[in-house]
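First the structure, in the form of structure tokens, and then the observations on it.
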Amino acid sequence: MNEYDSNRILDITKSIGYISTKNITEADCYVLNTCHIREKATEKVYHDIGRLKKKFRNSKKPILLVAGCVAQAEGEELLRREKYIDGVIGPQSYHQINNVIKNIERKDKRINATEFEVIEKFDKLNLTRNENSKTSSFVTIQEGCDKFCKFCVVPYTRGPEHSRSFSEIFQETKQLIENGTKEIILLGQNVNAYNFKNKKLSDLIYKLNSLNGLERIRYTTSHPKDVTDDLIDAYKDCDKLMPLLHLPVQSGSTKILKEMNRKHSIEEYLNTIEKLKNRRGSMKFSSDFIIAYPGENDNDFEETISLIKKVKFINSYSFIFSSRPGTPAANLKIIDPKIAKERLSIFQKTAKNIKESYRKSLVNKKVKVLFENRLKNDTKYFGRDEFFNSVLVDSKINLTGKILDIKIEEVNHNTLFGKVIINNRKEFAA
Ligand code: SF4
């Protein structure tokens, strides 16, 4: 979502004369768009600013804005502690960025813009042309979260759930397709809670599935409780909806899920997975895990291990629990760091074995790849298969924007390496 927000910030500021530059020291304005999910997020902001100060030691100081969730959560403190910052802008207020910059240019004052104004923000975004014309593009459809998992800052930094208008999403997608986009990734903190005047995520997917020129639809991030039957049915009916679902589960223990306030059991999670596989046999899953959540005992951890062996997630993202200030879990007694590290190591080894055996099974198989770009100074093209695996292929012909059958010849932990299958000739001609 931050990548999407950064692109929209660029689109908005173009109207007051700003363009992007790769040469940092020639920047007149530097926007640091931050994420508050990972550990030590605020310290990273101060480190980045320290590096920035060094770069600008011999040139004119740029306007420095800190945007995103760290600005939302700790804006006042940032302004107090770091005088180099000219303004802080929360994720629901970045539509005001031009006013903020103009005010700072007039040397009015330092500015704190961290109100929750998501309706106004979506209105402004609808008036700004999304000039992102990548083969694969993000579209925000929903922001905020009402779930209040005990470990998470999102309900406090992004505010309550708010869904964007159905027709505006459709318009933005059409405009991206005109610019060359073939794949849309629908974004939201709780994307499958999308609900605009009783239109749900599944309604949106059915509608987008009928759009000429659009080839692939993905969405992220989902909450297991909001994977409703209508959404599951979309996997049977909508051929453009890709067969990989990132469905964060966090723990394999129902007891721990309850303590996290995740609002579902492991049985319900597995039931959802089964239903999805019944609708689309090729379905695969990836997930997020918090290891050593306060109260997790050996048995709970074993349940997490047995869950990943059962579902065979093709990607598992795991972190040891670390508390976020202001969340209900912040004051819970943490697990002995030595035990937590041991559990993480066992988890990651198991997840790696599952991933490796899946990837080895792809050698000599045919996969459909949507190519996104050529690597810099190389003849290799980068694309993704239907399961979002990165694929590299050597080609003298420009493959960008094409969907081709590729034979996989080699794999490693991050990338599949393949060759274009000759019967793609028709597609080349097209
Ligand atoms: S559902 Fe996701 S975004 Fe919402 S509180 Fe839980 S972890 Fe955070």
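Atoms within each ligand, like the ligands themselves, are counted from 1 in listed order. Everything numeric in this text was worked out from a predicted model, so none of it was measured.
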Region of Pro155 engaging ligand 1 - heavy atom pairs below 4.0 Å: side chain
Residue and atom name of the nearest protein heavy atom (relative to atom 8 (Fe) of ligand 1), distance in Å to one decimal: Cys152 SG, 2.3 Å
Aromatic plane relationship, Phe313 with Tyr269 - under 30° parallel, 30 to 60° tilted, over 60° perpendicular: tilted
Top protein contact for atom 4 (Fe) of ligand 1, by heavy-atom distance: Cys145 SG, 2.2 Å
Aromatic Phe388 / basic Arg218 pairing, under 6.0 angstrom, 45° off normal: no
Test item: Lys368 and Glu215 side chains (from C-beta on) under 4.5 Å apart, heavy atoms: no
Numbering as shown, the atoms of ligand 1 that approach Lys147 to under 4.0 Å (heavy-atom distance): 1 (S), 4 (Fe)
Where ligand 1 meets His223 - atom numbers and elements under 4.0 angstrom, heavy-atom basis: 1 (S)
Part of Cys149 with heavy atoms under 4.0 Å of ligand 1, whether side chain, backbone, both or neither: both
Cationic tip of Lys207 above Phe166 ring, under 6.0 Å, 45° of axis: no
Note, Val369 side chain near Leu404 side chain (heavy atom, < 4.5 Å): no
Salt-bridge contact Asp11-Arg8 (side-chain N to carboxylate O under 4.0 Å): yes
Distance filter under 4.0 Å to Phe148 heavy atoms, resulting ligand 1 atoms: 5 (S)
Any Arg262 heavy atom less than 4.0 Å to ligand 1: yes
